[in-house]
Enquirer: 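Have a look at this one before I ask anything.
Nothing here was measured: the structure is a model prediction, and the numbers come from that model. Heavy atoms only: backbone and side chains are in, while hydrogens, waters and symmetry mates are out.
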Amino acid sequence: MLRRTGCRLAADLDLVIIGGGPGGYVAAIKAAQLGLKTACIEKRGALGGTCLNVGCIPSKALLNATHKLHEAQHDFKRFGIMNGDKCYVEHDQLMAAKDKAVKGLTGGIEMLFKANKVQYVVGTGEITKDKKVVVTKADGKKETFTAKNIVIATGSDPTPLPFAEFDEERIVSSTGALKFKKCPEHLVVIGGGVIGLEMGSVWARLGAKVTVVEFAEQCSPFLDTEVAKEIVKLLGKNEGLTFKTSTKVTGVEKTSDGKVKLTVEPAKGGASEVIECDAALVSVGRRPYTDSLGCDTVGVKKDKRGFVEVHDGFKTSVPGIYAIGDVINKGPMLAHKAEDEGIAIAEQLAGKAGHVNYDTIPGVVYTNPEVAYVGKTEQEVKAEGIKYKVGKFRFAANSRAKTNDNTQGFVKVITDAETDRILGMHIINTLAGELIAEGVLAMEYGASSEDVGRTCHAHPTLSEAVKEACMMCYSKAIHS
């Protein structure tokens, strides 16, 4: 029965989840499947969080479409398919196709909620001192939920520069970069991480001059150094991106003629220069989203950067309140990491043994070619003083890659020199994001390079390059 105490009070629940992104919605579905009475609160009005609405999914829609365009314009003639250079993009239709993909997937989650009997609540959730959750709806009405446990899964937002406020037209976050009304003639990307490289690729393929400005010595500093150097070289060769590393942006100005002027200088100091462009994409990272959540009111501790502190079992500093996904101070800010945490927390709250192995979470940069990785980089094993071996096999020696005229990139496997256990795998290839799953599975089960190298792989496949890279670690490859 519903009770009333000034605002509508919902019936008691086993679990309330605040946030309907990859972590939150997956946790809600799994919890309901395990018999917990569950509600999921999402303010956006569409489930899926940043990933499905303004992140992973729409960006991949644009990357896929523009890859097809680039391939037609530049590669088809090698196979006798002519007139590809006459292909062009109808901008509104491109954006409509992207939006259709997003709508279909977000709507699909709502159907899954109904099928699994998850209560979906649209509104902004706030935790009160007595550990209830008050939801403010779009019309201002409030509804209060009580539950045995609360999970915070509110995700993250793009980090702005202090001197460059987002207007999502000329100075844009990843959200604005997904919906330019027309292709900018010159796009400057501030930050050469995953988002910067991916969105830079999209607009370069559509005709923009793209300049990537990166503060660190290499783009995507989290990548293996050899891999990072290779992908920068290939993006310059394939799509014309230019890179200014070890460079910091000190000022951003919007001009009266519709341009943007960026002042940059060497990261270690030196003479400045001005870069004029049509738009600037600020992709310097993301920050946890905890606005109006009530963390301070209820006593949920956050670290200096604003991430919710969690301990074993995703426990916050307040009993009965847990947190997962981008908002926590653990693991990379990736959708699939949040999904695994969603399953794990649901299993734990249902009395089972949920677990996430943070050492085997893969990452992918969806450029062309793609970059995929799992485990340690070569610079990391060196820094840790681990004796290691490296096996590297280039796709130029792989029969499927040669047949498809898709020979850029390589597979790099890093193993413990004493035990042969795989410590890391790094791949550059058009299908690297699919190929990395073998490395993840191998590492999850503690496999050696010999375990993979002695496993039969179908021929001809790109996956044979993974096998031969592993063979390079414990013996010698056949085709190298």
Side-chain angles (χ1 to χ4, degrees), residues 22 48-71 74-75 89 94-95 97-99 101-102 105 156 158 173-175 177-180 187 189 191-206 208 210 212 214 219-224 227-228 230-241 243 281 283 285-286 326 332-339 361-374 395 401 404 406 408-411 425-440 462:
T50 293
C51 176
L52 265 68
N53 289 278
V54 291
C56 318
I57 297 306
S59 64
K60 301 314 164 285
L62 293 180
L63 281 159
N64 180 58
T66 56
H67 170 59
K68 292 178 187 294
L69 173 70
H70 191 269
E71 199 170 29
H74 299 278
D75 301 333
V89 164
L94 173 68
M95 293 297 162
K98 173 203 67 175
D99 295 342
V102 169
L105 288 169
S156 62
S173 67
S174 53
T175 302
L178 291 167
K179 57 181 183 180
F180 282 129
L187 172 67
V189 176
V194 176
I195 293 169
L197 296 183
E198 290 182 356
M199 296 313 300
S201 288
V202 165
W203 295 105
R205 295 169 191 168
L206 289 170
V210 176
V212 180
E214 169 58 50
C219 284
S220 301
F222 50 86
L223 290 178
D224 182 274
V227 171
E230 183 80 359
I231 191 60
V232 163
K233 181 182 74 175
L234 292 174
L235 289 177
K237 176 183 177 181
N238 296 349
E239 297 171 359
L241 276 72
F243 296 87
L281 163 59
S283 54
R286 297 183 65 83
D326 282 6
M333 299 173 82
L334 295 170
H336 44 279
K337 170 260 198 183
E339 289 178 345
I361 295 173
V364 183
V365 186
Y366 293 90
T367 48
N368 184 43
E370 295 177 350
V371 179
Y373 56 93
V374 64
F395 283 97
N404 293 349
N406 180 24
Q408 292 181 333
F410 55 79
V411 179
M425 184 179 291
H426 310 268
I427 305 174
I428 299 178
N429 181 264
T430 300
L431 294 176
E434 306 297 332
L435 293 169
I436 198 62
E438 182 173 11
V440 177
L462 297 173

Enquirer: Which distance, rounded to the nearest 0.5 Å, do you find between the SG of Cys56 and the CD1 of Ile195?
Expert: 9.0 Å
Enquirer: Looking at Val364, Ile427, Val440, Ile361, which hits side-chain contact (heavy atoms from CB on, under 4.5 Å) with Val374?
Expert: Val440
Enquirer: Are any non-hydrogen side-chain atoms of Asn368 and Glu239 less than 4.5 angstrom apart?
Expert: yes
Enquirer: Take a 6.0 Å sphere around CD of Glu71 and say whether it holds more than 12 heavy atoms from other residues, nucleotides or ligands.
Expert: yes
Enquirer: Are any side-chain N or O atoms of Thr66 and backbone N or O atoms of Leu206, one a donor and one an acceptor, separated by less than 3.5 Å?
Expert: no
Enquirer: Flag the pair Cys219 / Phe243 as yes when at least one side-chain heavy-atom distance between them is below 4.5 Å, and no otherwise.
Expert: yes
Enquirer: Would you say Ser283's side chain and Gly191's backbone share a donor-acceptor pair under 3.5 angstrom?
Expert: yes
Enquirer: Would Ser156 and Thr50 count as a side-chain contact (heavy atoms from CB on, under 4.5 Å) if you check the C-alpha gap in whole Å, the side-chain angles of each, and the deciding distance to 0.1 Å?
Expert: CA-CA 8 Å; Ser156 62; Thr50 293; 5.5 Å; no
Enquirer: With distance as the sole test, does Lys60 use its side chain to make a donor-acceptor pair with the main-chain N or O of Gly55 at under 3.5 Å?
Expert: no
Enquirer: Any non-hydrogen side-chain atom of Met425 less than 4.5 Å from a side-chain atom of Ile436?
Expert: yes
Enquirer: Is Ser201 close to His67 at the side-chain level, that is, under 4.5 Å between some pair of heavy atoms?
Expert: no
Enquirer: Take Ser220 and Leu197 through the side-chain contact (heavy atoms from CB on, under 4.5 Å) test and state the conclusion after the steps.
Expert: CA-CA 9 Å; Ser220 301; Leu197 296 183; 3.6 Å; yes
Enquirer: Is there a side-chain contact between Leu63 and Glu198, using heavy atoms and a 4.5 Å cut-off?
Expert: yes
Enquirer: Within this structure, what is the CG-CD1 distance for the pair Leu62 and Ile57, rounded to the nearest 0.5 Å?
Expert: 11.5 Å
Enquirer: Go through the steps for Leu52 and Val102 under the test side-chain contact (heavy atoms from CB on, under 4.5 Å), then give the verdict.
Expert: CA-CA 6 Å; Leu52 265 68; Val102 169; 5.5 Å; no
Enquirer: Could you report the tightest heavy-atom contact between Ala204 and Leu241, atom names first, then the distance?
Expert: CB-CD1, 3.6 Å
Enquirer: Please name the pair of heavy atoms, one in Ala177 and one in Leu281, separated by the smallest distance, quoted to 0.1 Å.
Expert: CB-CD1, 4.0 Å
Enquirer: Using atom types as modelled and distance alone, determine if a side-chain donor or acceptor of Asn404 lies under 3.5 Å from a backbone N or O of Asn406.
Expert: no
Enquirer: Can we say Lys233 and Glu230 salt-bridge, meaning some charged N sits less than 4.0 Å from an Asp/Glu carboxylate O?
Expert: yes
Enquirer: Between Phe395 and Leu462, what is the shortest heavy-atom contact and its length?
Expert: CE2-O, 3.7 Å
Enquirer: Just wondering, do Leu234 and Val232 contact through their side chains at under 4.5 Å, heavy atoms?
Expert: no
Enquirer: Which heavy atom of Gly193 sits nearest a heavy atom of Glu214, and at what distance?
Expert: N-OE1, 4.3 Å
Enquirer: Keeping His336 on the side-chain end and Pro22 on the backbone end, is there a donor-acceptor pair under 3.5 Å?
Expert: no
Enquirer: Does Asn238 reach the side chain of Pro369, with side-chain heavy atoms less than 4.5 Å apart?
Expert: yes
Enquirer: How many angstroms lie between atom OH of Tyr373 and atom CG of Leu223, to the nearest 0.5 angstrom?
Expert: 6.0 Å
Enquirer: Nearest 0.5 Å please: distance from the OG atom of Ser174 over to the CZ atom of Arg286.
Expert: 5.5 Å
Enquirer: Does the side-chain contact (heavy atoms from CB on, under 4.5 Å) test come out yes or no for Glu370 and Glu434, once each step is laid out?
Expert: CA-CA 10 Å; Glu370 295 177 350; Glu434 306 297 332; 5.7 Å; no
Enquirer: So do the side chains of Val365 and Ile231 get within less than 4.5 Å of each other, counting heavy atoms only?
Expert: no
Enquirer: Are any side-chain N or O atoms of Arg205 and backbone N or O atoms of Lys68, one a donor and one an acceptor, separated by less than 3.5 Å?
Expert: no
Enquirer: Distance from Leu187 atom CG to Met199 atom CE, nearest 0.5 Å?
Expert: 8.5 Å
Enquirer: Which of parallel (below 30°), tilted (30 to 60°) and perpendicular (above 60°) describes Trp203 and Phe180?
Expert: perpendicular
